[in-house]
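Worksheet for the structure shown next.
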Amino acid sequence: RARGVRKLQRLKSAFEACPELVIRNGSDLKHYRAASEGIFHFLKRFTPCVERLGLDEFFLDVTEKVAEFLGKPVTLSSIECYAEADGFATHLYKGRKLTLVETQTGVKSHVPARTSTVDQCNCGCHRRLQIGSCLAKKIRTDLFKELGYTASAGISVTKMAAKLSGEVHKPNQQTTMLPAYVPDFLAALRVRKIPGCGYSSARKLQAEGVEYVSQLRALSQKKLISLLGELIGSRLYLLCRGEDNSIVKPRGKEKTMSEEDSFLGSDNVVDVELRISQLLKGLLERTDARFERHGDLPSLLRLTVRDRVAAKKKGEQKNGYFGGRSSKQTAIPMGVFHPGDPKRDEKLISALMQLFFKLVPRNLCFHLTLLNVAVARFQPFGGASGNQTGIDSFFHTAANTSSRNNEKPLISSKRDRLESHNFFSVKMKVAKAEVASHPSLPRNKSEATHTNNYEPTKKRNRNKDRVAEGPAGSPGIIVTTDDAKVARPSSAVTAEDIDDLFNL
DNA sequence: ATGGGTCCT
DNA sequence: AGGACCC
């Protein structure tokens with residue numbers, strides 16, 4: 001990073017910036033999954049309502065915790081050691097200067113800079129956010145002490161505001177945003193910054209001359225819906241005004257599991273089968289581990305491919321990389337995934353090859369650049385649970401899962417409360433746990449179990465190699481780095497410290 | 001332009 | 001099955 005290497009940078013320019021850069025082929029997410037799970041469980045000690053987004057981002061709804069603290073001043077004072085003179089822990093967002101922007105269409109936009117810094121809300125959220133910010137500080141402090149990760153956090157009254165607040169002061173800091181500041185803060189952002197306005201929507205909006213959130217507000221709800229569809233359109237209509245009624249959704253077990261690999265090209269069936277069996281191998285390790293823990297097995301198998309030709313066509317249409325994938329899926333009889341089945345690999349590879357030939361007819365040439373094997377529709381498997389694949393048993397599974405994990409159901413009364421402006425909730429995001437350089441993560445490829453073993457030894461990556469396949473700058477290889485902070489656990493906080501604060 | 005995921009159409 | 005979104 002210090003040398004100018006950035007995430008998702010082309011290899012060519014990364015090597016220009018840093019010639020001694022070492023690039024490794026492939027990846028093994030195992031250690032990151034484990035780290036993420038550790039953080040997830042850590043966070044659940046503070047509140048059961050934790051939503052995970054990707055591996056390193058979490059939302060916590062601490063509404064109830066904050067209410068408890070408010071009701072117990074003695075306990076409250078114990079986390080207020082984190083408060084500063086203004087009652088908030090570290091950064092309180094104070095607004096920023098807004099510049100007037102002239103866009104392609106000549107629309108001039110933006111609101112004047114705010115002059116007042118007082119909380120304009122009388123609902124008591126000011127106080128609740130003070131407590132929330134102390135709670136966030138406490139959680140981040142403990143996270144570092146116990147697990148060794150630094151994190152940034154945003155604290156506000158909606159998920160969106162919390163998420164965006166977390167980006168204001170970035171490495172290892174936190175920012176609290178009062179609701180009164182949210183609309184102006186949003187106004188000056190590019191629309192793409194709004195969570196929910198992705199690549200596709202941002203392009204459609206750009207075609208209308210809309211680049212900034214302030215301009216988005218000029219569009220009627222009807223217009224937005226016709227442009228972006230019912231769901232995203234109506235959501236964005238509210239989000240751009242700072243209105244976010246989404247709830248923190250504690251997720252249960254994963255619904256799908258997949259392994260994928262991209263490569264410069266594969267054009268023969270033998271190679272494809274080798275790659276597929278490698279992917280399957282990694283996937284089965286995961287389904288086995290899950291079966292041991294939860295006793296369920298998948299009943300759906302999916303293969304997806306990306307063909308270079310098709311991908312290029314799509315790419316021309318959309319100027320987007322993720323086009324050009326196609327998939328076939330099939331129900332799989334219960335129990336095929338059972339670790340005890342000695343013919344399991346055979347059966348599954350055979351099924352996958354059948355899917356492959358549905359995707360790529362035998363008489364056609366192909367040039368694949370990606371393969372993905374996925375499983376889904378996990379169902380409890382006790383051996384005698386019959387052959388249910390219907391929707392009924394699916395929902396039965398979901399219900400069991402929820403009660404077993406003691407997860408918080410989606411409470412409708414909470415949703416009702418969130419529909420007004422004066423939110424009771426404090427939502428917090430602990431973002432970007434900087435797991436990339438944690439000592440427990442593998443330092444080189446040789447420690448990873450899921451290597452590209454199917455490649456000829458000569459071509460396989462060695463530690464000294466800079467690039468595994470192709471010359472520097474060849475397509476298909478990119479640099480991905482994350483903010484890296486080497487964090488070492490110091491003296492552990494005792495369980496009682498936590499209980500003191502949270503078992504009220 | 002990775003290697004995962006979620007949910008909606 | 002594909003397409004949007006998220007990291």
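Given the structure is predicted, the values throughout are model-derived calculations rather than measurements. Just so it is clear: chains get the letters A, B, ... in the order the sequence lines come, proteins before strands, and each one is counted from 1.
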Atom CG in A:Leu301, atom CD in A:Gln329: separation rounded to 0.5 Å?
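Nearest 0.5 Å value for the CG-CD distance: 9.5 Å.
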
Measuring from A:Arg140:CZ to A:Gln173:CD, what's the distance to the nearest 0.5 Å?
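It is 8.0 Å, given to the nearest 0.5 Å.
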
Which nucleotide in the list [options] gets nearest to the side chain of [X]?
X        : options             : value
A:Ser201 : B:dC7, C:dC5, C:dC7 : C:dC5
A:Tyr199 : B:dT6, C:dC5, C:dC7 : C:dC5
A:Glu260 : B:dG3, B:dC7, C:dC7 : B:dG3

Would you say A:Pro183 and A:Arg241 make side-chain contact, with heavy atoms under 4.5 Å?
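No, every pair of side-chain atoms sits at 4.5 Å or beyond.
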
Check: A:Arg286 and A:Glu254 side chains under 4.5 Å, non-hydrogen atoms
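SC-SC contact between A:Glu254 and A:Arg286 confirmed.
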
5′-ward residue of the pair A:Arg235/A:Leu29 relative to DNA chain B:
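Nearest-nucleotide comparison on DNA chain B picks A:Leu29.
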
Do A:Arg52 and A:Phe58 form a cation-pi contact, if we require the NZ or CZ to be under 6.0 Å from the six-membered ring centre and within 45 degrees of the ring's axis?
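Not satisfied by the 6.0 Å and 45° rule.
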
Rounded distance in Å - [atom1] ([X]) to [atom2] ([N]):
X        : N     : atom1 : atom2 : value
A:Asp261 : B:dA1 : CG    : P     : 16 Å
A:Glu230 : B:dT9 : CD    : C1'   : 12 Å
A:Asn372 : C:dG2 : CG    : C1'   : 14 Å
A:Leu228 : C:dG3 : CG    : C1'   : 14 Å
A:Arg203 : C:dG3 : CZ    : P     : 14 Å
A:Arg286 : B:dG4 : CZ    : P     : 6 Å
A:Phe378 : B:dG5 : CZ    : C1'   : 13 Å
A:Glu259 : B:dT2 : CD    : P     : 16 Å

So A:Ile194, base contact, sugar-phosphate only, or nothing? Heavy-atom distance under 4.0 Å.
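Sugar-phosphate: the residue A:Ile194, judged by heavy atoms under 4.0 Å, touches backbone atoms but no base.
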
With sugar-phosphate meaning primed atoms plus P, OP1 and OP2, does A:Thr304 contact a base, only sugar-phosphate, or nothing at under 4.0 Å between heavy atoms?
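Touches nothing.
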
Hey, does the side chain of [X] come within less than 4.0 Å of [N]'s phosphate (OP1/OP2), counting only N and O?
X        : N     : value
A:Ser27  : B:dG4 : no
A:Arg33  : B:dG5 : yes
A:Lys7   : C:dC7 : no
A:Thr256 : B:dG4 : no
A:Arg192 : C:dC6 : yes
A:Lys255 : B:dC7 : yes
A:Ser258 : B:dG3 : no
A:Arg10  : B:dA1 : yes
A:Ser200 : C:dA4 : yes

What donor-acceptor contacts under 3.5 angstrom involve side-chain atoms of residues 357-364 of chain A, with partners at least two apart or in another chain?
none

Would the number of heavy atoms belonging to other residues, nucleotides or ligands and lying under 6.0 Å from NZ of A:Lys204 be above 12?
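Correct, the count exceeds 12.
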
Taking every non-hydrogen atom, the tightest pair across A:Phe185 and A:Leu164
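Minimum heavy-atom contact is CE2-CB, 3.6 Å.
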
How does DNA chain B look in dot-bracket notation if pairs are Watson-Crick or G-U with both distances under 3.5 Å, crossing ones as [ ], other-strand ones as |?
..|||||||

